[in-house]
Amino acid sequence: MKIAILPGDGIGTEIVAEAVKVLNVLDLKFETETALVGGAAYEAHGHPLPESTLKLAKESDAILFGAVGDWKYDKLDRPLRPEQAILGLRKNLGLFANFRPAICYEQLVGASSLKPELIAGLDILIIRELTGDIYFGQPRGRRTAVDGHFPGAEEAFDTMRYSRPEVERIAHVAFQAARKRSKRVTSVDKANVLETFQFWKDIMIEVGQQYPDVELDHMYVDNAAMQLVKAPKKFDVVVTGNMFGDILSDEAAMLTGSIGMLPSASLNSSNQGLYEPSHGSAPDIAGKGIANPLATILSAAMMLRFSLNQAEAADRIESAVQSVLAAGLRTVDIYSEGTTKVSTREMGDAVVAAITKTTIKG
Ligand code: NAD
């Protein structure tokens with residue numbers, strides 16, 4: 001097994017170091033190789049996704065990714081900005097299915113901005129299609145309008161598009177994921193207004209016929225955004241397109257209290273995956289040693305489960321995280337009165353200690 005370690009920028013290096021520490025204590029056989037990505041790679045090689053980093057990612061079974069970006073790169077040409085590295089990795093590795101579980105840990109119920117009764121026990125899975133939609137559709141650009149409300153004016157445009165195979169494969173991923181959970185899929189669309197999403201909905205219904213044991217319902221994205229804060233526990237698996245998924249998965253993330261707790265996985269059809277926390281590089285707290293490393297540590301657990309076939313090791317990481325939270329340890333983003341504030345490194349050390357304790361007992 002080979003794991004590419006791509007820490008990236010900002011808090012990326014701090015949180016990935018903790019996840020690597022946790023992986024190393026599990027006594028599994030794997031090889032790791034670290035490479036630069038994002039702004040760090042731009043500084044060293046003039047490109048956010050250098051050829052050498054892409055090559056390493058392609059030849060690895062899985063990629064553990066921190067985060068990329070910093071406001072200081074906002075003025076660079078778009079292809080050179082750090083965030084392009086993620087888009088490049090998704091495209092080159094064919095990572096089309098993004099899994100974002102939003103689980104509310106019992107000990108963190110109070111950290112959510114919603115009332116505890118709405119959030120306690122929350123366990124939903126947002127599946128976002130990653131390679132299509134308006135993010136990649138061509139043509140796009142700027143031009144002089146020839147029609148519309150202001151002919152002759154400067155305008156910008158993007159193209160929303162999905163092909164049948166793209167929708168079919170993400171539909172299968174969602175139905176198969178639901179089979180392992182409570183067998184319910186909500187497909188989120190905007191079929192009332194957008195041709196692309198009427199097509200999406202039609203295909204969801206067609207594919208759904210192959211999964212008669214899974215209940216399928218449909219929701220417009222505006223209603224889904226509302227229901228996520230009104231009654232989030234109504235959902236089980238939510239499947240949606242690239243843009244709606246981008247927004248809804250962040251909304252779902254915040255339901256659980258902190259974006260610092262939420263892992264994610266992006267998989268291709270051979271289960272090769274990129275695993276990263278749901279948050280960004282947090283330049284506002286970078287270098288202070290206070291970032292929450294748990295989303296990255298939990299991403300490493302997803303990596304063991306999905307790409308490296310090590311479900312037992314993944315369970316051990318997840319139980320260790322639970323026990324550290326139960327012991328009252330909190331980074332600043334999830335801190336509340338009566339708990340113990342710890343640094344990024346102390347949180348990583350506590351997870352390692354919890355794993356080591358179970359190893360000795362076991
Ligand atoms: P962000 O997720 O980096 O930060 C949002 C807020 O959450 C900040 O206040 C930050 O301090 C806090 N936060 C994030 N992660 C945390 C953690 N682990 N522990 C404690 N607090 C945490 O989003 P942003 O500020 O909008 O973007 C910052 C940079 O990150 C931008 O350059 C953006 O483009 C980039 N970004 C990268 C990714 C990625 O690498 N996948 C994703 C989103 C944003």
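Whatever order the structure lists ligands and atoms in, that order sets their numbers, starting from 1.
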Worksheet item: Per the side-chain hydrogen bond (donor to acceptor under 3.5 Å, both in side chains) rule, which among D158, D246, N242 passes with Y135?
Response: D246
Worksheet entry | I11 contact mode with ligand 1 (heavy-atom cut-off under 4.0 Å) | side chain
Worksheet item: To which of D250, I86, D284 does the heavy atom nearest atom 9 (O) of ligand 1 belong?
Response: D284
Worksheet item: Got the closest protein heavy atom to atom 25 (O) of ligand 1, with its distance?
Response: W71 CZ2, 3.9 Å
Worksheet item: Which atoms of ligand 1 have any heavy atom of G69 under 4.0 Å away?
Response: 32 (O)
Worksheet item: Counting each atom of ligand 1 from 1 as listed, which ones have a heavy atom of A291 under 4.0 Å away?
Response: 19 (N)
Worksheet entry | Any non-hydrogen protein atom less than 4.0 Å away from atom 5 (C) of ligand 1 | no
Worksheet item: Would one find an N or O of S281, backbone or side chain, under 3.5 Å from an N or O of ligand 1?
Response: yes
Worksheet entry | Identity and distance of the protein heavy atom lying nearest atom 7 (O) of ligand 1 | I259 CG2, 4.0 Å
Discussion item. Test your reading of the model: is there a side-chain donor-acceptor pair from R90 to the backbone of F96, 3.5 Å cut-off?
Written reply: no
Discussion item. One pair to check against salt bridge (charged side-chain N to carboxylate O under 4.0 Å, His left out): K21 and D349. What are the steps and the verdict?
Written reply: CA-CA 8 Å; K21 212 156 77 178; D349 287 344; 2.6 Å; yes
Worksheet item: Nearest to atom 3 (O) of ligand 1, what protein heavy atom do you find, and at what distance?
Response: A282 N, 2.8 Å
Worksheet entry | Gap separating the CE atom of M254 from the OG atom of S278, nearest 0.5 angstrom | 11.5 Å
Discussion item. Does the structure place the NZ or CZ of K341 under 6.0 Å from the centre of the six-membered ring of Y335, at an angle of no more than 45° from the ring's axis?
Written reply: yes
Discussion item. Against the six-membered ring of Y211, is R179 placed for a cation-pi contact (under 6.0 Å from the centre, within 45° of the normal)?
Written reply: no
Worksheet item: Without hydrogens or angle criteria, can the side chains of Y73 and E43 be said to hold a donor-acceptor pair below 3.5 Å?
Response: yes
Discussion item. Can you check which of N292, I15, D74, I285 brings a heavy atom nearest to atom 21 (N) of ligand 1?
Written reply: I285
Discussion item. Any heavy atom of P283 closer to ligand 1 than 4.0 angstrom?
Written reply: yes
Response to the item:
Within 4.0 Å of some non-hydrogen atom of A67, the atoms of ligand 1 are 40 (O)
Worksheet, complete the sentence: Within 4.0 Å of some non-hydrogen atom of E276, the atoms of ligand 1 are 41 (N)
Worksheet item: Does the side chain of S307 come under 3.5 Å of the side chain of N271 through a donor N or O and an acceptor N or O?
Response: no
Practice prompt. Report yes if V68 has an N/O atom closer than 3.5 Å to an N/O atom of ligand 1; otherwise report no.
Written response: yes
Worksheet entry | Interfacing atoms of ligand 1 (cut-off 4.0 Å, heavy-atom, G280) | 1 (P), 2 (O), 3 (O), 30 (O), 36 (N), 37 (C), 38 (C), 42 (C), 43 (C), 44 (C)
Worksheet item: Are any of the protein's heavy atoms under 4.0 angstrom from atom 27 (O) of ligand 1, yes or no?
Response: no
Fill in: Ligand-side contact atoms (ligand 1) for residue partner E83, heavy atom cut-off under 4.0 Å
31 (C), 32 (O), 33 (C), 34 (O), 35 (C)
Worksheet item: What is the ring orientation for F197 with Y162, classed by angle as parallel under 30°, tilted 30 to 60°, or perpendicular over 60°?
Response: perpendicular
Practice prompt. Would you check if the side chain of S112 reaches a backbone N or O of L255 as a donor-acceptor pair within less than 3.5 Å?
Written response: yes
Fill in: Donor-acceptor contact present, side-chain E129 to main-chain V167, <3.5 Å
no
Discussion item. Is atom 30 (O) of ligand 1 near the protein, in the sense that some protein heavy atom lies at less than 4.0 Å from it?
Written reply: yes
